[in-house]
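Data block below; observations after.
Both backbone and side-chain heavy atoms feed into the values below; hydrogens, waters and symmetry mates do not.
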Amino acid sequence: MLYDNFLAYSHATGDQLYALCPFHAEKTPSFTVNRETREWYCHGCGCGGSEKEFLQKYYDVSLDVAVYALKFWEKKGTMPFPTQVQIDHWHEQLLKQPKEIEALHSFGITDEIIESLHLGYDDLRIIIPVKSKTGYWVNVRKYLPPHHRVPGEKSAKCM
């Protein structure tokens, strides 16, 4: 079940699984998941819904993105969002590219900004990771710097 990736259940009663709510601080589990309907409800904060609404709230993404993520998870068993390992790898690759860092500096992007935004590098493109308000990586933008462009080619694309 999708929720198993996000929750640690404390106990079960019939079809109801109980866990601490991931959306607010609590000491007593008030978050329930119904195994049969696969719907959830938090008796503490009053939020609830289906798996897509859970993903929408958890990642702070639009419903369209949540639906896409759910379908992706159903097919591949993983989320379509970049992982911290990927972000760290791309960032390490950028730090090994002095020409790319120099180009970023020419745009006024300092080393502090590179670090704070976890900018990266892959396939000649600058990777700009995007975090949601809830603090999860939910997308990356890929920017092709001018010194790598072929006339007529787009400079940015989504992951």
Would you be so kind as to tabulate the donor-acceptor pairs closer than 3.5 Å made by side chains of residues 20-29, with sequence neighbours excluded?
{"unit_1": "E26", "atom_1": "OE1", "unit_2": "S30", "atom_2": "OG", "d": "2.5"}
{"unit_1": "E26", "atom_1": "OE2", "unit_2": "C21", "atom_2": "N", "d": "2.5"}
{"unit_1": "E26", "atom_1": "OE2", "unit_2": "S30", "atom_2": "N", "d": "3.3"}
{"unit_1": "E26", "atom_1": "OE2", "unit_2": "S30", "atom_2": "OG", "d": "3.2"}

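- Between the W137 side chain and the V130 main chain, no donor and acceptor come within less than 3.5 Å of each other.
- Closest of all the heavy-atom pairs between W73 and M1 is CH2-C, 3.8 Å.
- Counting Ile, Leu, Val, Met, Phe, Trp and Tyr side chains that sit under 4.5 Å apart, directly or through other members, F72 shares a hydrophobic cluster with Y68.
- In this structure, the side chain of E53 engages the main chain of S50 through a donor-acceptor pair within 3.5 Å.
- Residue pairs meeting the salt bridge (charged side-chain N to carboxylate O under 4.0 Å, His left out) criterion with at least one member in residues 82-103, sequence neighbours excluded, do not occur.
- E74 CD: more than 12 foreign heavy atoms inside a 6.0 Å radius.
- Residues F81 and Y136 place their aromatic rings such that the two centres sit no closer than 6.0 Å.
- Between the SG atom in C42 and the NZ atom in K57 there is a gap of 9.0 Å [rounded to 0.5 Å].
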Review point. Taking it one step at a time, do V140 and I87 satisfy side chain to side chain contact (heavy atoms under 4.5 Å, CB included)?
Key: CA-CA 9 Å; V140 295; I87 300 296; 4.0 Å; yes

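- Tracing side-chain contacts under 4.5 Å through hydrophobic residues (I, L, V, M, F, W, Y), one reaches I109 starting from L117; they form part of the same cluster.
- How far CG of N34 is from CD of Q16: 4.5 Å, rounded to the nearest 0.5 Å.
- Shortest non-hydrogen contact noted between V138 and K131 is CG2-C, 4.3 Å.
- When hydrophobic side chains of Ile, Leu, Val, Met, Phe, Trp and Tyr are connected at separations under 4.5 Å, V67 ends up clustered with L63.
- Linking Ile, Leu, Val, Met, Phe, Trp and Tyr whenever their side-chain heavy atoms come within less than 4.5 Å puts Y121 and F107 in one cluster.
- Of the inter-residue distances, the one linking D111 atom CG with S116 atom OG reads 10.5 Å to the nearest 0.5 angstrom.
- Follow the hydrophobic side-chain contacts under 4.5 Å out from Y41 and you never reach Y58; the two are in separate clusters.
- Applying the salt bridge (charged side-chain N to carboxylate O under 4.0 Å, His left out) test to R38 and every residue at least two apart in sequence or in another chain returns E51.
- The closest donor-acceptor contact from the side chain of H91 to the backbone of G120 lies at 3.5 Å or more, if one exists at all.
- The line from CG of D64 to CD of Q56 is 9.0 Å long, rounded to the nearest 0.5 Å.
- Here the closest non-hydrogen pair linking L2 and M79 is CD1-CE, 3.6 Å.
- Residue Y18 is not grouped with residue F54 when hydrophobic side chains (ILVMFWY) are merged at heavy-atom distances under 4.5 angstrom, including chains of intermediate members.
- For D60, the side chain to side chain contact (heavy atoms under 4.5 Å, CB included) test picks out S132, K133, T134, with sequence neighbours left out.
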Exercise for review: Apply the test side chain to side chain contact (heavy atoms under 4.5 Å, CB included) to residues T83 and H89: give CA-CA distance (whole Å), side-chain angles for both, the deciding distance (0.1 Å), then the verdict.
Suggested key: CA-CA 10 Å; T83 65; H89 173 74; over 6 Å; no

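- The two residues G14 and R35 make their nearest non-hydrogen contact at O-NH2, 3.2 Å.
- With hydrogens and angles ignored, the 3.5 Å screen pairs a side-chain donor or acceptor of S62 with a backbone N or O of V65.
- When every heavy atom of I127 is checked against every heavy atom of K142, the shortest pair comes out as CD1-CG, 3.5 Å.
- In this structure, W40 CH2 and Y3 OH are separated by 7.5 Å, a value rounded to the nearest 0.5 Å.
- Minimum heavy-atom separation, L94 to L119: CD2-O, 3.5 Å.
- Under the 3.5 Å distance criterion, the side-chain polar atoms of R149 are matched with a main-chain donor or acceptor of L144.
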Review point. Would D123 and H148 satisfy side chain to side chain contact (heavy atoms under 4.5 Å, CB included), going step by step from the backbone distance to the final call?
Key: CA-CA 10 Å; D123 192 28; H148 290 300; over 6 Å; no

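- Interatomic distance, K52 NZ to K71 NZ, rounded to the nearest 0.5 Å: 10.0 Å.
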